[in-house]
Amino acid sequence: SQLLSDAKSGYGRLIDLQGSAGSGKSRLVEEVIQVAAIRGLMVLHGEAIEAIDQGSFAIFERLFESALRDQHARQSILHAIESLDPHSTSVLSHLFRCLQPFIKTSTIDRGPESFGENRCIEAILKLMQSLATSTQPVLLVLENLQWTAPIIGRMLRRWQAYSKTANQYLAIVTTSQFDSTCKIHD
């Protein structure tokens with residue numbers, strides 16, 4: 001409850017729920033999602049799956065695919081994309097096929113060096129920050145991080161550092177099993 005109130009006040013933060021399989025993490029997340037919806041937060045929910053050859057940011061691809069099916073979330077995502085710089089939109093277009101129809105392509109270099117880890121992380125964080133506003137705070141739920149690439153943990157740590165220096169209308173809840181390979185905290 002405090003997590004959601006803080007996000008609405010511009011003090012977004014991250015809560016990492018860890019536990020063994022069947023310990024109730026998903027049930028707790030369902031309750032947080034229900035309360036967030038009642039309080040007027042937009043909920044973006046992604047769940048990682050155990051899969052071979054899954055891209056580093058597959059959890060976000062599934063999150064955006066799901067969100068684009070909701071008319072309100074779709075409009076918010078499109079508005080956020082329009083507010084981004086051309087390089088960020090180019091990176092997002094490269095990372096997420098589901099966003100390509102909504103991104104005007106540009107002549108920005110699309111070579112591999114343009115999509116290094118830092119640029120990918122920055123583009124995703126800029127999109128999240130553009131989505132979460134004082135009039136539309138966001139709850140971002142990322143489940144089963146043990147199935148994600150380590151870059152997701154690095155991205156969340158970067159967001160945590162940034163959130164201490166600027167208003168953030170974004171609350172993040174993550175779940176992982178105890179044996180998680182995605183370390184959010186050092």
Side-chain angles (χ1 to χ4, degrees), residues 1-18 28-47 56-57 59-64 66-68 70-93 95-96 99 102-103 116-143 145 148 150-176 182-186:
S1 179
Q2 187 63 44
L3 171 76
L4 304 175
S5 296
D6 288 350
K8 289 185 84 163
S9 300
Y11 301 105
R13 55 193 170 101
L14 182 144
I15 293 183
D16 180 33
L17 304 173
Q18 295 184 8
L28 181 58
V29 165
E30 287 174 19
E31 290 180 28
V32 171
I33 289 171
Q34 289 175 357
V35 172
I38 290 169
R39 291 189 175 189
L41 279 79
M42 178 174 32
V43 176
L44 299 175
H45 185 219
E47 187 169 356
S56 297
F57 297 103
I59 190 170
F60 283 97
E61 179 80 27
R62 284 188 289 285
L63 178 145
F64 291 133
S66 174
L68 288 169
D70 175 82
Q71 186 62 30
H72 176 70
R74 178 187 182 105
Q75 290 304 318
S76 294
I77 290 170
L78 297 181
H79 180 72
I81 287 171
E82 289 173 2
S83 71
L84 297 176
D85 61 276
H87 188 79
S88 294
T89 57
S90 182
V91 171
L92 292 170
S93 177
L95 290 175
F96 305 115
L99 296 180
F102 310 106
I103 296 175
E117 178 175 304
N118 284 332
R119 289 186 175 125
C120 293
I121 288 173
E122 288 301 317
I124 294 169
L125 291 178
K126 284 180 182 180
L127 179 58
M128 290 296 120
Q129 291 163 357
S130 294
L131 274 171
T133 66
S134 61
T135 58
Q136 182 59 76
V138 173
L139 171 65
L140 175 64
V141 178
L142 301 172
E143 290 195 80
L145 291 188
T148 63
I151 192 171
I152 300 300
R154 290 191 294 274
M155 182 184 74
L156 293 171
R157 283 193 305 276
R158 187 173 305 174
W159 179 84
Q160 279 183 305
Y162 180 76
S163 70
K164 293 175 184 173
T165 62
N167 281 354
Q168 289 293 320
Y169 298 96
L170 175 66
I172 302 175
V173 174
T174 65
T175 69
S176 58
C182 179
K183 303 293 183 204
I184 297 171
H185 307 289
D186 292 326

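Predicted, not measured: the structure shown is a model, and the values here were computed from it. FYI, side chains are in, hydrogens and waters are out, and symmetry mates aren't considered; it's all heavy atoms of this structure.
Looking at every heavy atom in both residues, A132 comes nearest to Y169 through CB-O, 3.3 Å. Annotation for R39 and K8: closest pair O-NZ, 2.7 Å, computed over non-hydrogen atoms. When all heavy atoms are compared, the tightest approach of S176 to D16 is OG-OD1, 3.9 Å. For A36 against V43, the heavy-atom pair with the smallest separation is CB-CG2, 3.9 Å. In plain terms, the two heavy atoms of L84 and L92 that are nearest each other are CD1-CD1, 3.5 Å.
The CD1 atom of I15 sits 4.0 Å away from the CG atom of L3 when rounded to the nearest 0.5 Å. For the atom pair L131 CG and Q136 CD, the distance stands at 9.0 Å (nearest 0.5 Å). Note that CE of M128 is 6.0 Å distant from CG of L44, once rounded to the nearest 0.5 Å. Once rounded to the nearest 0.5 Å, the distance linking CD1 of I81 with CG of L99 reads 4.5 Å.
I151 is listed as a side-chain neighbour of F57, based on a closest heavy-atom distance under 4.5 Å. Proximity of L156 to L142: side-chain heavy atoms (C-beta onward) are separated by under 4.5 Å at one or more points. Side-chain contact between H79 and S130 is absent, with no heavy-atom pair separated by less than 4.5 Å. The shortest distance between side-chain heavy atoms of Q2 and R13 falls below 4.5 Å. Within the 4.5 Å cutoff, the side chain of I172 has no heavy atoms near those of the Q160 side chain. Within the 4.5 Å cutoff, no side-chain heavy atoms of V141 are placed close to those of V32. Using a 4.5 Å cut-off on side-chain heavy atoms (C-beta onward), S1 and V35 make no contact. Using a 4.5 Å heavy-atom threshold, the side chains of V173 and L28 count as separate.
No more than 12 heavy atoms of other residues, nucleotides or ligands sit less than 6.0 Å from atom OH of Y11.
S66 places no side-chain N or O within donor-acceptor distance of the main-chain N or O of R62, the cut-off being under 3.5 Å. In this structure a side-chain-to-backbone donor-acceptor pair under 3.5 Å is missing from S90 to P86.
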task: Let me see the working for L170 and Q129 under side-chain contact (heavy atoms from CB on, under 4.5 Å), right down to the final yes or no.
output: CA-CA 7 Å; L170 175 66; Q129 291 163 357; 5.8 Å; no
message: Between L95 and I124, is the side-chain contact (heavy atoms from CB on, under 4.5 Å) condition met? List the steps.
response: CA-CA 9 Å; L95 290 175; I124 294 169; 4.1 Å; yes
task: Go through the steps for F60 and I152 under the test side-chain contact (heavy atoms from CB on, under 4.5 Å), then give the verdict.
output: CA-CA 10 Å; F60 283 97; I152 300 300; 3.9 Å; yes
Stepwise side-chain contact (heavy atoms from CB on, under 4.5 Å) check, I33 with V29: CA-CA 6 Å; I33 289 171; V29 165; 3.7 Å; yes
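Test L78, I77, D70 against R74 for side-chain contact (heavy atoms from CB on, under 4.5 Å) and you get one pass: L78.
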